[in-house]
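Here's the structure we're looking at; comments come further down.
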Amino acid sequence: MSITPVPRIAVIVVAAGSGTRLGADLPKAFVGIDEHSMLRHALTRVLEGPSAQIVVVAPSGHEGDAITDVLAAAGDRRELVSVVTGGSTRQASVAAGLDALWGDVEIVLVHDAARALAPAPVFERVIEAIESGSDGAIPVLPVIDTIKRVDGGRIVAAVDRSELSAAQTPQAFRRDVLVAAYATAAEDFTDDAALVAAAGHTVAVVDGDALSFKITTPADLDRARSLVARHPLGASHAHLENPFPVPRVGVGTDVHGFGGDGELWLAGLHWPGEPALSGHSDGDAVAHAIVDALLSAAGLGDIGLHFGTDHPEYAGAHADAFLSRTVGLLGEAGWRVGNVAVQVQANRPRMSARRAEAEAALSTALGGAAVSLSATTTDGLGFTGRGEGVAAFATALIVRA
Ligand SMILES: Nc1ccn([C@@H]2O[C@H](COP(=O)(O)OP(=O)(O)OP(=O)(O)O)[C@@H](O)[C@H]2O)c(=O)n1
Ligand SMILES: C[C@](O)(CO)[C@H](O)COP(=O)(O)O
């Protein structure tokens, strides 16, 4: 039987605020970003960091809600997490968390549940600063806006923003330093770094992260919701370090029966002497399967949405019109095509002789992305085996533009 070592790091997640500026009808930490609360998101990301004791500080009367989030987020690590009741100020809530630390803990991180999307590398950076000898460490971002000192409704001074930094959490401290500073604090501070600095300690700064923004106002909540909508919890969490690092794949299929007017168009090529496929456009099942694969990868719906019979401009249109418009739709959504693989099932035409030509035509229509085309028959089975039509199956990979 293995015994889990007692962690030397603890994270106090303060979640006991009311969220007046957000104006929700329940304490802020329990407001949903998606179907999961801010606290649940924050805990999920804390749990992606180094093994640590986790103390959740909940608003009085909402300890049960906090335990529900802990059980959902922590799974079989729930023995690492405890819930305590917070106070009327952030500082009082942190103090309640400090009282719950286990004996072996040497490094304490204090983190706002309201900074629910703070990514794991920030936790690692502040811990590393303490392990390198600092008493305290705080993540900061440069101040971007021009800053003015204002008094009586008028500007009284310009402030040099190069001297300023915006404070974030998690903030990390040597446990003995933080506990002693809290024991002697004579006033209320908005963060722990200020309290520890007021006690005479040096607090090192490390790089913050734009994703560690605090959800304070309804606009902040909208921003968090839109980020999380693109990258839900339970998929991957590393995504949020960079909102768009993960390529996406999609699938598409299409079938068309023979019986159209004129001659065949398939895989972006004209096939003189071959019977035409029927359809609103030219019936090019290969191009249409690729369109669906690309739209599905980007989450942009399907071919019916963008090229259906209510779009008369695509009546009789060939592959290049479909594919170039699809590339445009992806581009507007911030995606570009990585590669496409497509398979044709048909008795005719014989694709092998023109495979390279078809791949080149499709690739050109997709702005140069690699396309590979394969073809098969179905041993006489099904509608393609009976020679009634053509089926195509495509997969696509897209990456952020
Ligand atoms: N008495 C308090 C006040 C705040 N916090 C926590 O401290 C973090 C930062 O607080 P902030 O979001 O700025 O404050 P709130 O009190 O929640 O919001 P508001 O100031 O808008 O009322 C939040 O995770 C919040 O839950 C806390 O645990 N206990
Ligand atoms: C610790 C903190 O997140 C630092 O930015 C703090 O909670 C900030 O509170 P604020 O008074 O809303 O800036």
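Atom set for the values below is all heavy atoms of this structure, side chains included, hydrogens, waters and symmetry mates excluded. FYI, the numbering just counts along the sequence from 1. As the structure lists them, so they are numbered: ligands from 1, and atoms in each ligand from 1.
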Examine the side chains of [X] and [Y] and answer whether a donor and an acceptor come within less than 3.5 Å of each other.
X: Thr253; Y: His288; answer: no
X: Ser37; Y: Asp69; answer: yes
X: Glu63; Y: Thr85; answer: yes
X: Thr309; Y: His280; answer: no

Sort out for me which residue in Lys28, Arg45, Lys214, Arg90 forms a salt bridge (charged side-chain N to carboxylate O under 4.0 Å, His left out) with Asp112. Arg90
Asp282: which residues meet the salt bridge (Lys or Arg N to Asp or Glu O under 4.0 Å) condition with it, sequence neighbours left out? none
Under the salt bridge (Lys or Arg N to Asp or Glu O under 4.0 Å) rule, collect the residues that match up with Asp220, sequence neighbours excluded. none
Do the rings of His318 and Trp265 sit parallel, tilted or perpendicular, given the 30° and 60° boundaries? parallel
Would you say that Leu109 contacts Ile127 through its side chain, given a criterion of any heavy-atom pair below 4.5 Å between the two side chains? yes
Who's touching ligand 1 if we go heavy atoms under 4.0 Å? Val14, Ala15, Ala16, Gly17, Ser18, Gly19, Thr20, Arg21, Lys28, Gly87, Ser88, Thr89, Arg90, Ser93, Asp112, Ala113, Ala114, Lys214
Sub-4.0 Å heavy-atom environment of ligand 2, residues by chain: Arg21, Arg90, Asp112, Arg115, Ala167, Thr169, Thr190, Asp191, Lys214
